[in-house]
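Notes for the one structure printed next.
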Amino acid sequence: MTWSATARGAHQPDNTAFTQQRLPAWQPLLSASIALPLFFCAGLAFIGLGLGLYYSSNGIKELEYDYTGDLGTSNCSVCAAAGQGRAPPPRCSCAWYFSLPELFQGPVYLYYELTNFYQNYRRYGVSRDDEQLSGLPSALRHPANECAPYQLSAAGLPIAPCGAIANSLFNDSFSLWHQRRAGGPYVEVPLDRTGIAWWTDYHVKFRNPPLVNGSLALAFQGTAPPPNWHRPVYELSTDPNNTGFINQDFVVWMRTAALPTFRKLYARIRQGNYSAGLPRGAYRVNITYNYPVRAFGGHKRIIFSSISWMGGKNPFLGIAYLVVGSLCILMGFVMLVVYIRYQDQNDEDEE
Amino acid sequence: MKYIKPLISEIPWNYNWNYSAMSLLDRQSEGRQSGEQERYLQANNREFNSLFGYPNNSIKTSKYNALNFLPMNLFEQFQRLANAYFLILLFLQLIPQISSLAWYTTVIPLMVVLSITAVKDGIDDMKRHKNDNQVNNRSVLVLMNGRIVTDKWMNIQVGDIIKLENNQLVTADILLLSSSEPYSLTYIETAELDGETNLKVKQAISVTSDMEDNLKLLSAFDGPDTKLMQNGGKSAFKRTQIDHLMNVLVLWIFLFLCGMCFILAIGHYIWENKKGYYFRDFLPWKEYVSSSVVSSVLIFWSYFIILNTMVPISLYVSVEIIRLGNSFYINWDRKMFYELKNTPAQARTTTLNEELGQVKYVFSDKTGTLTRNIMTFSKCSINGKFYGDVYDKNRQKVEISEKTEKVDFSYNRLADPKFSFYDKTLVEAVKKGDRWVHLFFVSLSLCHTVIPEEKVEGELVYQAQSPDEGALVTAARNFGFVFRSRTSETIMIVEMGETRIYKLLAILDFNNVRKRMSVIVRTPENRVMLFCKGADTILCQLLHPSCRSLRDVTMEHLDDFASDGLRTLMVAYRELDNAFFQDWSRKHSEAFLSLEDRENKISIVYEEIEKDLMLLGATAIEDKLQDGVPETIITLSQAKIKIWVLTGDKQETAVNIAYACNIFDDEMDGMFIVEGEDNETVWQELRSAREKMKPQSLLESDPIDDYLTAKPRIPFKIPEEVPSGNYGLVINGYSLAHALEGNLELELLQTACMCKGVICCRMTPLQKAQVVELVKRYKKVVTLAIGDGANDVSMIKAAHIGVGISGQEGMQAMLNSDFAFSQFCYLQRLLFVHGRWSYNRMCKFLSYFFYKNFAFTLVHFWYAFYSGFSAQTVYDTWFITFYNLVYTSLPVLGLSLFDQDVNETWSLRFPELYEPGQHNLYFNKKEFVKCLVHGIYSSLVLFFIPMGTIHNSVRTDGKEISDYQSFSTIVQTSLLCVVTMQIALETTYWTMISHIFTWGSLGFYFCILFFLYSDGLCLMFPNVFQLLGVARNTLDWPQMWLSVVLSMVLCMLPVIGYHFLKPLFWPVSVDKVIDRIHHCMSHPLPPRIRTRLKHAGSRRSAYAFSHKQGFGALITSGKTLKAKFPKKNSFPFKK
């Protein structure tokens, strides 16, 4: 390496802000005059927000009923006992009676809730074939390996929809009856079973395979329904827009929950007299009890809930905001005290 | 080193001899040379030589070619533990039973990491290919079939006879047959071999020397066998402390990871027993799972795969990138560019940067490092008269500077224009014809072993063995006593324009014991004169009693010289009686020819004639310090860096320089000199020094004794001890040899480390390395060695950081260094600016990097408790793939390339800021645990806040949003916001690039999110991209944002509080300095007062002369004198 051969200054590095590490920069400092007001302001803002969230969550009405039927708890215990240890469990119905002293402000949504049900278990969660569900004919015939052991039926036919999630589709059904006057007849309250799935799921993600001769049944010919199902997937509903893979109950079920306790929307009540909510009176929910959960200690609930500007009832955020806001202010005070004492000490030192 | 000893078996008549080349004992080549003791070759006989299968002369330093690059490079890369780990992980992922993550989550990052390294290796190798080609294709003249033909160096074979011309490069080990120069001499430069740029003289063996006019060489060792190739590239690979720490931490993480997997496997076992077993209606066990035990064993490995991101794959490659970037800053620094030599600073090793911010000990060479190794004749005393100081009209002494008027030497046409002198009285004295002044300069121009070179008439160049001699002869030349040429018997001097030829009768050469040299000449007037110059301590005793009063005056002047830090020599003469000389000459020849005890006899003979000398005067040569050396050393000491000077020079010189550059100062409480000649004395001296510095340190139970008695010896660290004052230690090379032995070395270290400055003189290169090793071994601190010469190479290689000064003594030090620049004072910039920043950046980087991976990975752990310990990931697989690689890599790179806590001015102004690095305060095991705790806390927040938010949540349209995919999206968005905020808090220096990197990465995340979750992509590959529409549905849900903000605030609150309270509760000294800086930033600075440091005091210095023997023997030998000598145009042959 000979430097001498070249002209003087030839190896001089470039004089740029970048190479000389002199890029213009903003150098913020975490001084007391910034940190302390920040803490107090953040604290106040959080408390304000927390109060709002808390009250709006509290304003939401919920009516829930555990119909699992553990011994003696409800009239569903008959069904529960009947289904004990039998697969598939026999068809059984039970009912839940309740009365509303005043209007249950609408719009009212009907949910079912399962507990201790690990939809988020990894092997369960991957046991599906999204290609099949997106209507790909090849995937319909050849379900993905992840679906095993619900990939092929005992007869060797491909299962559609394949996988453990589909196989375990929630199959209890509910109907709501209203008795306006005591002793009067029960009138069925119309439940809107459409529009319960995500728009993107229903319209984009889930697709039926192309119809064969205009028939969905023919499209599914040569496939078998999941072993737990009583009927093939194309008979889930009579509505052609709500059957097959785009059946909304099915779509809702296939969006697996993050936690072992989860709710899924069953129906919206928004038609006729009930658009403003459930008027006062006695009600009966007829429950078709099919779904076995007692074996693994699960519970089934049915919930009526109203909705506010911020969605359903969930007091968590409101409380969390209140707590964090208070923490901010508390820490702000601690820091203020320490800072003042330190300042005094510093002044003494300097004197 | 290899020597080739030709054994002549035939009369050298037709260039056809048999040679046996013997390789003598050489440690470095011993391993390779096992077996090969002799080499047989026949000059210019390729057929014969090819029988032995010697390699040809093409050089190959490159590792790869186009074909083997990929397999070889990959093989090398997978030898690294980290890469191998991820490869194993990849194989684990391919096992379907335990695969919990898609294969691409590991493959993509691994490929990126591997390809970055491969590209870097490839570029390096391309450079080597280019260099090889250049070297191999140089042309050379070779004798083939009786004709001289041009060929390439790569085609040269062992035994070829080649013809070299002046200034040609040589790329083989060769044997000199003859040369066109007198005595068959050649002058070679071995800069690329040992780094010395001064010309070395080589002489052909006498049998071949008179063969022919031109330079002829025999190729003896070729290509890969050459000395250079054999010795090169064997230096140990240096690793920094952070590297070692990182390895330990990665091991910790690995164990932590295994621990977590174990806990989760147990959790899984319990879960499967209590719940999974009963859930089999909906989710049957796999056929290969017979019990929950089997299942939990599988889950252990599944979690091992999921949690692997704890061991960060991109850590090592990021560290390399950061170091590379920070190395470039060093190369680019204009303030470390030396304009005069056109040399920028060079970071030759790009893996040590942060260690520059941790240096505690600096080992410095003296000559060429602290001093410029430029000797200038600055003052003299002639016959009791002082010359050299400049006075103004008011008789006030004037400080000599650039502006001071120089003495005009235009009357002398042979003067050296580079020489400058300021005192006009001396020239006047010369012009007046002062007899003593004339005699003084005549003696300077005669008494030396310099070889002149006169390429162009009137342009003299002196080749001197020591720069002192060169300076003296040059001074004499300028004052009009020009040493023009010499033969073995004559010296031609142009005295004030008149050419006079002195007959050279004898040279009584210099050696270390004599500390003087003399010449005996016959003047044109036929007088026999002896001129002598030497160290004052020696010469004083040889003077004739008659010049006692003159001696006293001269000694006073010498004191003055010494106090200015000048190197002094006394000059004397003696007129000899002809008969006496003849008598002596006979004795001299006898002694010279005697076979036994020759050295001793000669020195006795010398002493006989070197007595009753008449004092002429004294010279003072300035050993110029490099620019800014004293200031730099003061700054270094302020940062509590200890400076040890390790020099081959003599004690007096070294101590003097130590004072001159402020390693020692007059306020010191004492200075200890260790010069004992046996173990006992050295031990005594060291002990008494320690007793004086800190009496109680001897009384306390000595940790060293404990250490010595403890068996087996565990790695041991000598604690830092604070002495009662400032002391200095001077230790001699001879005593050091004892002190470095056995148990004394700890004694030495303990004593030396208590001193402010340590000077080790008369050191051999090996001792230099031993001292460095000693400190390295027992102090466990970062050492830096700085030097410029070949004798510093060993210490440069031994120290943690080796710095080479590319300066006077050639390239060897630089070629072996990790950092190179051309001025000692750049060291403070290297350490306090680049080093400190690099260290701070690296620490911030590591803290943040570990933190972000903990926060990222541990969320899985918490989720396990809610997902049946099923190895369910919290995040989307694509997020896992991109997290380290894309989303968080740029902000942290930006931080570690651009961050500055305080700018360079403050870094240099407050050296105290350097101290945290020395104690490794910013990243150590404690800090790592803090990162871990912080990461655990963040992961808790990041899991439970989103969990609370989505628990049974529904949107305003009543549709539930508590699904797994929405949860993933919320958690990963919160995570990215949190880590981005965290890095924003860490960043203290927000450049435009930092803004772009930090906020850009976050924005980029959302873009990728929408892209990956878009309808088109998900419908194209439904099984790969499963999260269709989740981004849309989740991100427009207000609670999600409330949750993100909540997580952010909860994660930031403690950090801000900690940052705020830490300096109040646990203040460290640096905090005060930083406070002061922040205070100063808002107020303008008072200008820094720079005073020129000058030391006063009276110390003697009696030395000069290099420790090498002169050319004397060569000059007087005259054995192979040629008829054509003297010759005007004698070109040196340069390698």
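Below, chain A is the first sequence line, B the second, and so on; all start at residue 1.
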When the 4.5 angstrom heavy-atom criterion is applied to A:Q119 and chain B, the contacting part is neither
If I measure from the heavy atoms of chain A, does B:L1019 come under 4.5 Å with its side chain, its backbone, both, or neither? side chain
Would you say A:F333 has more than 12 foreign heavy atoms packed within less than 6.0 Å of its CZ? no
Where does B:T988 contact chain A at under 4.5 Å (heavy atoms): side chain, backbone, both or neither? backbone
Counting only heavy atoms closer than 4.5 Å, note whether A:M310 contacts chain B via side chain, backbone, both or neither. both
Taking side chain as everything from C-beta outward and backbone as N, CA, C, O, which of these in B:M336 sits under 4.5 Å from a heavy atom of chain A? Side chain, backbone, both or neither. neither
Taking every heavy-atom pair that is under 4.5 Å apart, which of B:K335, B:H951, B:H1059 has the most such pairs with chain A? B:H951
For chain B, which of A:L133, A:L38, A:I165, A:D129 has the most heavy-atom pairs under 4.5 Å? A:D129
Let me know if A:P260 has heavy atoms under 4.5 Å from chain B in its side chain, its backbone, both or neither. both
With a 4.5 angstrom heavy-atom cut-off, which part of A:Y150 approaches chain B: side chain, backbone, both or neither? side chain
So, are A:E62 and A:R263 salt-bridged, with charged N and O less than 4.0 Å apart? yes
Measure distances from A:L49 to the heavy atoms of chain B and classify the residue's part below 4.5 Å as side chain, backbone, both or neither. side chain
Most contact-rich option vs chain A, by heavy-atom pairs under 4.5 angstrom, among B:L1053, B:N1033, B:D333, is B:N1033
Between A:D130 and B:P1022, the two heavy atoms sitting closest are CB-O, 3.5 Å
Interchain contact, B:Y338 with chain A, by part (heavy-atom threshold 4.5 Å): neither
Top residue by heavy-atom pair count (under 4.5 Å) with chain A, among B:T987, B:N952, B:L1028, B:D1015? B:N952
Identify which part of A:N145 has an atom lying under 4.5 Å from any heavy atom of chain B, answering side chain, backbone, both or neither. neither
With a 4.5 angstrom heavy-atom cut-off, is it the side chain or the backbone of B:K274 that approaches chain A, or both, or neither? neither
Taking A:P107, A:G311, A:G135 one by one, which has the highest count of heavy-atom pairs under 4.5 Å against chain B? A:G311
Part of B:T873 lying under 4.5 Å from any heavy atom of chain A: neither
Measure distances from B:V1030 to the heavy atoms of chain A and classify the residue's part below 4.5 Å as side chain, backbone, both or neither. both
With chain B, the option among A:W309, A:W199, A:Y111, A:F262 that has the most non-hydrogen atom pairs under 4.5 Å is A:Y111
Region of B:P1038 in contact with chain A, defined by heavy-atom distances below 4.5 Å: neither
Quick one: what part of A:S308 sits under 4.5 Å from any heavy atom of chain B, side chain, backbone, both or neither? backbone
Identify the residue among A:Y266, A:Y112, A:F117 that makes a ring pair (Phe, Tyr, Trp, His ring centres under 6.0 Å) with A:F170. A:Y112
Whatever's closer than 4.5 Å to a heavy atom in chain A on B:L1061 counts as side chain
Give, as side chain, backbone, both or neither, the part of B:F944 having an atom under 4.5 angstrom from any heavy atom of chain A. backbone
Need one label for B:E904: side chain, backbone, both or neither, based on atoms under 4.5 Å from any heavy atom in chain A. side chain
If I measure from the heavy atoms of chain A, does B:N326 come under 4.5 Å with its side chain, its backbone, both, or neither? neither
Does any backbone or side-chain atom of A:I303 lie under 4.5 Å from a heavy atom of chain B? Answer side chain, backbone, both or neither. neither
Heavy atoms of other groups near A:R22 CZ, more than 12 under 6.0 Å: yes
Cut-off 4.5 Å, heavy atoms of chain B, and the answer for A:A42 is neither
Between A:F18 and chain B, which part of the residue has a heavy atom less than 4.5 Å away: side chain, backbone, both or neither? both
Can you list the steps and then say if A:Y121 with B:F869 is a ring pair (Phe, Tyr, Trp, His ring centres under 6.0 Å)? CA-CA 8 Å; A:Y121 194 90; B:F869 303 93; 9.9 Å; no
Heavy-atom closest pair, residues B:G958 and A:Y109: CA-CE2, 3.7 Å
Find the one option among A:Y342, A:W198, A:Y339 whose heavy-atom pairs under 4.5 Å with chain B are most numerous. A:W198
Does any N or O in the side chain of A:N228 come within less than 3.5 Å of the main-chain N or O of A:S168, such that one atom is a donor and the other an acceptor? no
Top residue by heavy-atom pair count (under 4.5 Å) with chain A, among B:A871, B:G1029, B:G1057? B:A871
Ring pair (Phe, Tyr, Trp, His ring centres under 6.0 Å) test vs A:Y118 passes for just one of B:W271, B:Y866, B:Y964, B:Y863, namely B:W271
Side chain, backbone, both or neither: which part of A:L29 has a non-hydrogen atom closer than 4.5 Å to chain B? side chain
Which heavy-atom pair separates B:Q872 from A:N120 by the least distance, and what is that distance? NE2-O, 3.1 Å
Closest non-hydrogen atoms of B:S99 and A:R122, given as atom of the first, atom of the second and distance, are O-NH1, 3.2 Å
Under 4.5 Å from any heavy atom of chain B, what part of A:D14 do you find: side chain, backbone, both or neither? backbone
Could you tell me whether B:R841 and B:E986 make a salt bridge, using a distance below 4.0 angstrom between a side-chain N and a carboxylate O? no
Interchain contact, A:T256 with chain B, by part (heavy-atom threshold 4.5 Å): both
Apply the ring pair (Phe, Tyr, Trp, His ring centres under 6.0 Å) test between A:F296 and each candidate in B:Y278, B:Y277, B:F279; give the one that qualifies. B:F279
If you compare all heavy atoms of A:R207 against all heavy atoms of A:F245, which two are closest, and at what distance to 0.1 Å? O-CD1, 3.3 Å
Name the member of A:D201, A:V334, A:N314 that forms the most heavy-atom pairs with chain B at distances under 4.5 Å. A:N314
Of the non-hydrogen atoms in B:F898 and B:S994, which two are nearest, and what is the gap between them? CB-OG, 4.3 Å
Is B:F328 close to chain A through its backbone or its side chain, or both, or neither, when contacts mean heavy atoms under 4.5 Å? neither
Chain B: which of A:A32, A:S306, A:A25, A:P24 shares the most heavy-atom pairs with it under 4.5 Å? A:A25
So which residue, B:N903, B:N331, B:D957, B:I993, ends up with the most heavy-atom pairs under 4.5 Å with chain A? B:D957
Could you tell me which portion of A:A320 (side chain, backbone, both or neither) has an atom closer than 4.5 angstrom to a non-hydrogen atom of chain B? both
